[in-house]
S.K.: 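Provided herewith is a single structure, encoded as structure tokens, for subsequent inquiry.
In this chain, residues are counted from 1 in sequence order. Note that this is a predicted model, so its numbers are computed, not measured. What you see below is based on every heavy atom in this structure, not just the backbone, and it leaves out hydrogens, waters and symmetry mates.
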Amino acid sequence: MKKFIFLLLIFLYIFPVKVEGKRLHKESEYQKSWCNKYNGILEYELDDKTRVDCLTTNLAVEVDFANKWAECVGQALYYGIRTNKEPACLLIIENGEKDLKYLKRLKCIADKKKIKTFTIKPEQL
């Protein structure tokens with residue numbers, strides 16, 4: 001049995017199983033497209049080595065896929081505090097109606113905590 005588990009672990013290490021669904025584009029492609037459009041600075045590094053996905057004149061923007069909406073909120077708030085700019089979330093909507101439930105959750109918090117929200121879709125690249 002130990003030998004079987006060992007071999008299974010080796011197999012999974014060599015051939016990792018991707019848990020997430022396939023994405024149409026990389027997060028960085030959406031990030032770059034949006035940030036360039038708004039004349040922002042990509043991957044602005046803070047003194048603690050964290051990076052704001054896009055820093056504009058008045059926004060600290062975190063970019064995430066829709067299902068990671070909660071992570072987006074936390075990071076946007078942190079980056080907003082650290083840069084003295086308004087926190088913002090750019091949610092990537094690749095799955096139409098399926099992703100809208102995440103956008104609704106984000107907006108529920110964003111409205112109360114004054115976080116700007118934006119969306120981007122594959123056809124906007």
S.K.: Under the side chain to side chain contact (heavy atoms under 4.5 Å, CB included) test against T83, which residue among V52, N58, L59 passes?
M.R.: V52

S.K.: Between E43 and L55, is the side-chain contact (heavy atoms from CB on, under 4.5 Å) condition met? List the steps.
M.R.: CA-CA 8 Å; E43 297 291 331; L55 191 70; over 6 Å; no

S.K.: To the nearest 0.5 Å, what is the distance between NZ on K107 and CD1 on I115?
M.R.: 12.0 Å

S.K.: Regarding R23 and the six-membered ring of F65, is the cationic atom NZ or CZ under 6.0 Å from the ring centre and inside 45° of its axis?
M.R.: yes

S.K.: Report the distance from atom CG of L103 to atom CZ of R105, rounding to the nearest 0.5 Å.
M.R.: 11.0 Å

S.K.: What closest approach, in Å, do I120 and Q124 show between heavy atoms, and which atom pair accounts for it?
M.R.: CA-OE1, 3.1 Å

S.K.: Is it the case that the side chain of D53 and the backbone of V63 share a donor-acceptor pair, with hydrogens and angles ignored and the cut-off at 3.5 Å?
M.R.: yes

S.K.: Same cluster or not: I92 versus F118, using hydrophobic residues (I, L, V, M, F, W, Y) connected whenever any side-chain heavy atoms lie under 4.5 Å apart?
M.R.: yes

S.K.: Would you say T50 and Y78 make side-chain contact, with heavy atoms under 4.5 Å?
M.R.: yes

S.K.: How many angstroms lie between NZ in K68 and SG in C72, if you round to the nearest 0.5 Å?
M.R.: 9.5 Å

S.K.: Are any of the side-chain heavy atoms of L100 and K98 separated by less than 4.5 Å?
M.R.: no

S.K.: With clusters defined by side-chain heavy atoms of hydrophobic residues (ILVMFWY) lying less than 4.5 Å apart, directly or transitively, does L125 cluster with W34?
M.R.: yes

S.K.: Side-chain contact, heavy-atom cut-off 4.5 Å: Y102 with I93?
M.R.: no

S.K.: Within this structure, what is the NZ-CG distance for the pair K101 and N67, rounded to the nearest 0.5 Å?
M.R.: 9.0 Å

S.K.: Would you confirm whether D64, through its side chain, and L91, through its main-chain N or O, come within 3.5 Å as a donor-acceptor pair?
M.R.: no

S.K.: Relative to each other, are the rings of H25 and Y30 parallel, tilted or perpendicular (30° and 60° limits)?
M.R.: perpendicular

S.K.: Does one hydrophobic cluster hold both L42 and L90, with members joined at side-chain heavy-atom distances below 4.5 Å?
M.R.: no

S.K.: To the nearest 0.5 Å, how far apart are CG in L46 and OH in Y79?
M.R.: 7.0 Å

S.K.: Establish whether L106 and L77 are linked, either directly or via other cluster members, by ILVMFWY side-chain heavy-atom contacts under 4.5 Å.
M.R.: yes

S.K.: Give a yes or no on whether V61 and Y44 share a hydrophobic cluster (residues Ile, Leu, Val, Met, Phe, Trp, Tyr; joining criterion: side-chain heavy atoms under 4.5 Å apart).
M.R.: no

S.K.: Is there a donor-acceptor pair closer than 3.5 Å between any side-chain N or O of E62 and the backbone N or O of C89?
M.R.: no

S.K.: So does T57 get a backbone contact from the side chain of K85, meaning a donor-acceptor N/O pair under 3.5 Å?
M.R.: yes

S.K.: Rounded at 0.5 Å granularity, tell me how far CD in E45 sits from CZ in R51.
M.R.: 4.5 Å

